[in-house]
Amino acid sequence: MASFDSRRPTPEQLVAELTLLLDLEPRGGDRFIGRRQPDAAGRVFGGQAIAQALGAARRTVPESRMANSLHAYFLRAGTDQHPIEFRVKRDLDGNSFSNRRVVASQQGQPILTLLVSFQEAQDGPSHQWAEMPDVPPPEELVSDAQIRREVAEQLPEGLAKQFMIRSRPIDFRSVEPRDWLDPQKRAPVAHVWFRTVAPLPDGRPVHNAVLAYASDFQLLSTALQPHGLSFPRGDVKAASLDHALWFHGEFRADDWLLYVIESPWSGAARGFGRGRIFTRDGRLVASVAQEGMVRLA
């Protein structure tokens with residue numbers, strides 16, 4: 001009988017599935033259909049909806065214009081049982097910038113709205129005030145996937161266990177690993193290296209889309225750290241409310257990137273997180289902010 005490990009998809013298969021997931025089917029008239037997550041069961045991951053909406057908007061602007069920012073609001077929980085329809089509105093095409101408005105819907109109900117700005121490449125004053133933290137390199141860290149699999153052995157069968165053992169196209173390596181089952185209270189700060197588990201195609205749009213997908217991980221979890229709460233243990237009910245992302249420079253999402261996350265505030269059944277994403281040589285290439293609903297179960 002084949003072992004569990006032998007049945008896992010290869011890294012190349014996982015990344016091919018991710019790039020296909022973030023590719024869209026055009027249906028004419030600035031309307032697109034987003035594919036479903038393979039073998040998924042449950043809610044649509046917020047990063048998937050954001051990345052697919054970004055891809056839909058990208059299809060409607062000149063190739064010379066790249067995304068510089070996006071702002072998304074999550075309206076309803078999406079389901080993996082149905083594809084997502086994306087309708088794009090062309091709000092502006094100026095000399096330097098284009099703005100697009102995207103509505104993502106399932107079964108006639110909007111689940112996400114997204115505003116995204118695209119810019120022609122231009123020169124201007126440049127500085128970087130943020131410094132990359134001095135943290136151990138990813139080669140010295142254990143993959144979060146390995147930690148999740150060890151924790152999953154202690155969980156009963158169910159969605160939580162499926163979530164923990166599922167193979168993912170992105171390798172996350174936490175500088176401060178989470179104790180998923182018995183978290184201790186600690187400062188709301190996290191440092192996480194990440195990259196795809198296999199090479200991506202060339203082209204800046206696909207790397208932007210993968211970073212948008214990955215940027216939705218970790219933020220709300222960091223907001224739980226001062227309280228010693230755990231998602232897999234069922235302590236809280238949580239859902240993203242809004243998500244903002246700014247692209248500052250070029251990068252490859254199949255090279256190691258450091259996600260520096262902090263949660264400066266939580267309260268009123270909401271948690272707020274913000275992040276900075278650095279390349280390995282210390283360039284700040286993206287900034288992130290998100291607020292989510294966080295309620296005690």
Side-chain angles (χ1 to χ4, degrees), residues 19-37 43-80 82-122 203-216 219 239-249 253 270 272-275 277 285-293:
T19 55
L20 181 62
L21 178 70
L22 301 185
D23 194 15
L24 301 168
E25 300 176 9
R27 295 295 174 89
D30 291 347
R31 177 174 167 263
F32 305 88
I33 298 296
R35 295 176 172 87
R36 296 168 52 199
Q37 176 75 40
R43 295 192 306 181
V44 171
F45 171 54
Q48 171 191 328
I50 291 171
Q52 287 180 328
L54 172 61
R58 179 70 185 84
R59 297 282 193 95
T60 69
V61 300
E63 292 186 1
S64 59
R65 299 192 175 192
M66 295 295 165
N68 62 280
S69 68
L70 62 83
H71 299 260
Y73 280 92
F74 298 94
L75 306 179
R76 295 176 176 84
T79 172
D80 286 318
H82 302 283
I84 306 175
E85 178 188 71
F86 297 89
R87 291 184 179 270
V88 182
K89 298 293 185 181
R90 305 188 183 211
D91 287 341
L92 172 71
D93 281 306
N95 293 331
S96 302
F97 290 89
S98 293
N99 280 271
R100 297 292 185 263
R101 183 161 31 107
V102 185
V103 177
S105 301
Q106 282 187 320
Q107 298 183 295
Q109 293 289 326
I111 64 171
L112 173 138
T113 60
L114 178 123
L115 296 175
V116 56
S117 174
F118 298 87
Q119 181 188 16
E120 292 280 354
Q122 294 177 306
R204 192 169 172 183
V206 68
H207 292 265
N208 282 358
V210 170
L211 185 139
Y213 174 89
S215 69
D216 193 31
L219 286 162
S240 300
L241 296 174
D242 63 354
H243 190 95
L245 171 60
W246 294 264
F247 297 100
H248 304 315
R270 305 194 313 276
F272 176 70
R274 59 192 180 196
I277 299 176
V285 293
S287 297
V288 188
Q290 183 183 87
E291 188 173 57
M293 180 199 76

[X] side chain near [Y] side chain, heavy-atom distance below 4.5 Å:
X: L54; Y: L245; result: no
X: F32; Y: R59; result: yes
X: V206; Y: L22; result: no
X: F74; Y: L112; result: yes

Might you work through the side-chain contact (heavy atoms from CB on, under 4.5 Å) test for N68 and F97, ending with a clear yes or no?
CA-CA 9 Å; N68 62 280; F97 290 89; 4.1 Å; yes
Check whether any side-chain N or O of [X] sits under 3.5 Å from a backbone N or O of [Y] as a donor-acceptor pair, and report yes or no.
X: Q106; Y: H82; value: yes
X: R58; Y: E63; value: yes
X: Q52; Y: L21; value: yes
X: H71; Y: L115; value: no

Let me confirm one number: the [atom1]-[atom2] distance from [X] to [Y], rounded to the nearest 0.5 Å.
X: Q109; Y: R76; atom1: CD; atom2: CZ; answer: 4.0 Å
X: S98; Y: L92; atom1: OG; atom2: CG; answer: 6.5 Å
X: I50; Y: D216; atom1: CD1; atom2: CG; answer: 5.0 Å
X: L75; Y: T113; atom1: CG; atom2: OG1; answer: 5.0 Å

With salt bridge (Lys or Arg N to Asp or Glu O under 4.0 Å) as the rule and sequence neighbours excluded, what pairs involving residues 112-121 come up?
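Every pair satisfying salt bridge (Lys or Arg N to Asp or Glu O under 4.0 Å) with a residue in residues 112-121: R65-E120.
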How would you list all residue pairs meeting salt bridge (Lys or Arg N to Asp or Glu O under 4.0 Å) that involve residues 96-109, not counting sequence neighbours?
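Salt bridge (Lys or Arg N to Asp or Glu O under 4.0 Å) check on residues 96-109 returns D91-R101, D93-R100.
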side-chain contact (heavy atoms from CB on, under 4.5 Å), that's the test. Do H243 and L219 meet it? Break it down for me.
CA-CA 10 Å; H243 190 95; L219 286 162; 3.9 Å; yes
Minimum heavy-atom separation for [X] to [Y], with atom names?
X: V103; Y: P110; value: CG1-CB, 4.0 Å
X: A77; Y: R43; value: CB-CD, 3.7 Å
X: G78; Y: I111; value: CA-CD1, 4.1 Å
X: L24; Y: G34; value: CD2-CA, 3.6 Å
X: A67; Y: F118; value: N-CD2, 3.4 Å
X: A49; Y: F86; value: O-CE2, 3.9 Å

Which residues pass the side chain to side chain contact (heavy atoms under 4.5 Å, CB included) test with R87, sequence neighbours left out?
R31, E85
Test side chain to side chain contact (heavy atoms under 4.5 Å, CB included) applied to H248 - qualifying residues, sequence neighbours left out:
W246, L284, S287
Can you sort out the partners of D30 under side-chain hydrogen bond (donor to acceptor under 3.5 Å, both in side chains), two or more places apart, ordered by chain and number?
R90
For R35, check side-chain hydrogen bond (donor to acceptor under 3.5 Å, both in side chains) against everything at least two apart and list the hits.
none
Derivation and outcome, side-chain contact (heavy atoms from CB on, under 4.5 Å), residues M66 and F247
CA-CA 9 Å; M66 295 295 165; F247 297 100; over 6 Å; no
Carefully, step by step, assess V44 and D80 under the rule side-chain contact (heavy atoms from CB on, under 4.5 Å).
CA-CA 5 Å; V44 171; D80 286 318; 3.7 Å; yes
